[in-house]
Amino acid sequence: MSATPSRPKIGLALGSGAARGLAHIGVLKVLEEASIPIDIIAGTSMGAFIGAMYAAGVPVTQMEKVALEIDWRSMARLLDPMIPTSGLTDGGKLVAFMAELLPARDFKDLRQTLAVTATDINTGEAIIIKQGDLLEALRASLAFPGIFPPVRFGQRFLVDGGLCNPIPTDVARNMGADIIIGVCTIPKVAKKTPETFLPIRHGRSRRITRWRDFFSAGKIELAFRSALGQEPTEIQDEAAGSPKAPNIFRVCAQSVAIMENVINEMHLLRNPHDLILRPQLDGITLLEFHRAKEVIASGEAAARAALPEIEILLNSP
């Protein structure tokens, strides 16, 4: 349904959040069921990818099916390990995965207006991409610092859009939306004693210290399982009861989560928005894609609870 003079344009701002961003699927599912039309989509990171699929006409049921099939093994297979320079993996397999799901390759092929946000790693500028190669735009918006290398766009090198704009409500507004529905999937970082994590070790005593050791024989899978809270029996603690060092995936993920919480609070205070949905995702880390079912359900619950308020916004003069 397109916007008419009697109906305001509705913009959806889908935020970052990695695995938590799967909650966007639940939100879209409820909005569709309630016949709430979406005219404009602005997405950051995972929100950009899910928004792109929706704008390309991918059924929400198909998105959900794919999400529910993801586990730690399938996540590990999306990595292309390389000698670290600006990232641990080049992201080629991730792009191939997105290409399989997306029927569109260019912004002009989309059914709805879409904007993807990224961050210039050299200048710190927020970059908005609305035309050209869709897959490259998504690759840039999803380039999680430290894990994926920056993506070159002309003379710029772009990384995850969440560094500057975790929920792009202002982007949706500037694209002409009259009503903004933002979705925040970044839980507040708890100010309490840090969780403990087992360091990556192989066998009983040998610590993995060389990159070729780390990337060989499935060690990167062990690292992902550790980050997901699924500690394999091969990983052992040499000093039980002592503080454990987080692995590199957890360090990157938690660092960005802490930063995005601060940026998000400042951004939402500064930019106008009509409604922000915040699914309950406490206790779910950025890499726990295997918990897709409960993450999507949280998105559904948040959207259903907000339906009365959305209807009021739609019917307001």
Side-chain angles (χ1 to χ4, degrees), residues 12 14-29 32 38 41-82 87-118 129-144 147-153 158-162 185 218 220-221 224-225 228 249 286-293 295-296 299:
L12 193 60
L14 302 178
S16 58
R20 298 165 182 155
L22 296 176
H24 298 317
I25 297 174
V27 171
L28 287 169
K29 186 176 179 180
E32 273 200 349
I38 303 299
I41 301 173
T44 293
S45 196
M46 180 59 75
F49 180 37
I50 292 176
M53 285 194 288
Y54 191 75
V58 177
V60 176
T61 52
Q62 183 179 339
M63 295 185 212
E64 184 175 21
K65 180 178 182 296
V66 171
L68 294 177
E69 293 172 350
I70 297 175
D71 57 19
W72 67 267
R73 286 187 184 277
S74 58
M75 282 301 303
R77 284 195 293 268
L78 291 179
L79 296 177
D80 302 308
M82 64 182 186
L88 292 179
T89 173
D90 70 12
K93 290 183 179 179
L94 177 62
V95 173
F97 173 73
M98 292 191 294
E100 289 180 6
L101 298 176
L102 272 170
R105 292 292 179 271
D106 194 284
F107 279 82
K108 68 176 184 293
D109 300 325
L110 299 174
R111 301 180 182 184
Q112 286 151 305
T113 302
L114 172 73
V116 170
T117 71
I129 308 172
K130 297 187 287 187
Q131 59 184 2
D133 190 317
L134 180 59
L135 285 174
E136 280 301 286
L138 294 175
R139 184 175 188 170
S141 189
L142 284 158
F144 197 87
I147 306 301
F148 298 105
V151 176
R152 183 167 184 171
F153 261 69
L158 306 183
V159 294
D160 197 311
T185 61
I220 197 162
E221 292 187 1
F224 253 93
R225 292 182 70 177
L228 296 175
F249 297 104
L286 295 176
L287 295 176
E288 291 186 302
F289 286 90
H290 63 291
R291 298 176 68 177
K293 184 174 182 179
V295 173
I296 292 172

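Atom set for the values below is all heavy atoms of this structure, side chains included, hydrogens, waters and symmetry mates excluded. Just so you know, residue 1 is the first one in the sequence shown, and it goes up from there.
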Measure the [atom1]-[atom2] distance between [X] and [Y] for me, rounded to the nearest 0.5 Å.
X: Glu136; Y: Met98; atom1: CD; atom2: CE; value: 8.5 Å
X: Ile70; Y: Phe97; atom1: CD1; atom2: CZ; value: 5.0 Å
X: Leu114; Y: Lys130; atom1: CG; atom2: NZ; value: 10.5 Å
X: Ile38; Y: Leu28; atom1: CD1; atom2: CG; value: 7.0 Å

Checklist line | All side chain to side chain contact (heavy atoms under 4.5 Å, CB included) counterparts of Met46, not counting sequence neighbours | finding: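 Met46 satisfies side chain to side chain contact (heavy atoms under 4.5 Å, CB included) with Phe49, Ile50, Phe289 once adjacent residues are dropped.
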
Note to self: If the condition is side chain to side chain contact (heavy atoms under 4.5 Å, CB included), which residues does Ala42 pass it with, not counting sequence neighbours?
What the structure shows: Pro168, Val171, Ala172

Notebook entry, point to check: Is a donor on one side and an acceptor on the other found under 3.5 Å between the side chain of His24 and the backbone of Ala48?
Noted result: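 Not at all, since once roles are kept as given, no pair shorter than 3.5 Å links the two residues.
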
Tell me every residue that passes side chain to side chain donor-acceptor pair (under 3.5 Å) with [X], counting only those two or more places apart in sequence or in another chain.
X: Ser141; result: none
X: Thr185; result: none
X: Glu64; result: Lys29

Item checked: Of all pairs that satisfy side-chain hydrogen bond (donor to acceptor under 3.5 Å, both in side chains), the ones with a partner from residues 47-62, not counting sequence neighbours -> Glu32-Tyr54

Notebook entry, point to check: Tell me, which pairs form a side-chain hydrogen bond (donor to acceptor under 3.5 Å, both in side chains) where one or both residues lie in residues 94-110, sequence neighbours left out?
Noted result: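 Sorted pair list comes back empty.
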
Next item on the list: Take Asp133 and Phe153 through the test side-chain contact (heavy atoms from CB on, under 4.5 Å) and record every step on the way to the result.
Entry: CA-CA 10 Å; Asp133 190 317; Phe153 261 69; 6.0 Å; no

Notebook entry, point to check: Could you go step by step and tell me if Thr117 and Thr44 meet the side-chain hydrogen bond (donor to acceptor under 3.5 Å, both in side chains) rule?
Noted result: CA-CA 5 Å; Thr117 71; Thr44 293; 2.6 Å; yes

Checklist line | Chi angles and distances behind the side-chain contact (heavy atoms from CB on, under 4.5 Å) call for Leu102, Leu138 | finding: CA-CA 11 Å; Leu102 272 170; Leu138 294 175; 3.4 Å; yes

Check: How far apart are the C-alpha atoms of Leu110 and Ile41, what are their side-chain angles, what is the distance that settles it, and do they pass the side-chain contact (heavy atoms from CB on, under 4.5 Å) test?
Finding: CA-CA 11 Å; Leu110 299 174; Ile41 301 173; over 6 Å; no

Looking only at heavy atoms, which two atoms of [X] and [Y] are closest? And how far apart?
X: Pro149; Y: Ala143; answer: O-CB, 3.8 Å
X: Arg139; Y: Val95; answer: CD-CG2, 3.4 Å
X: Asp160; Y: Ser45; answer: OD2-OG, 3.2 Å
X: Val295; Y: Ala19; answer: CG1-O, 3.7 Å

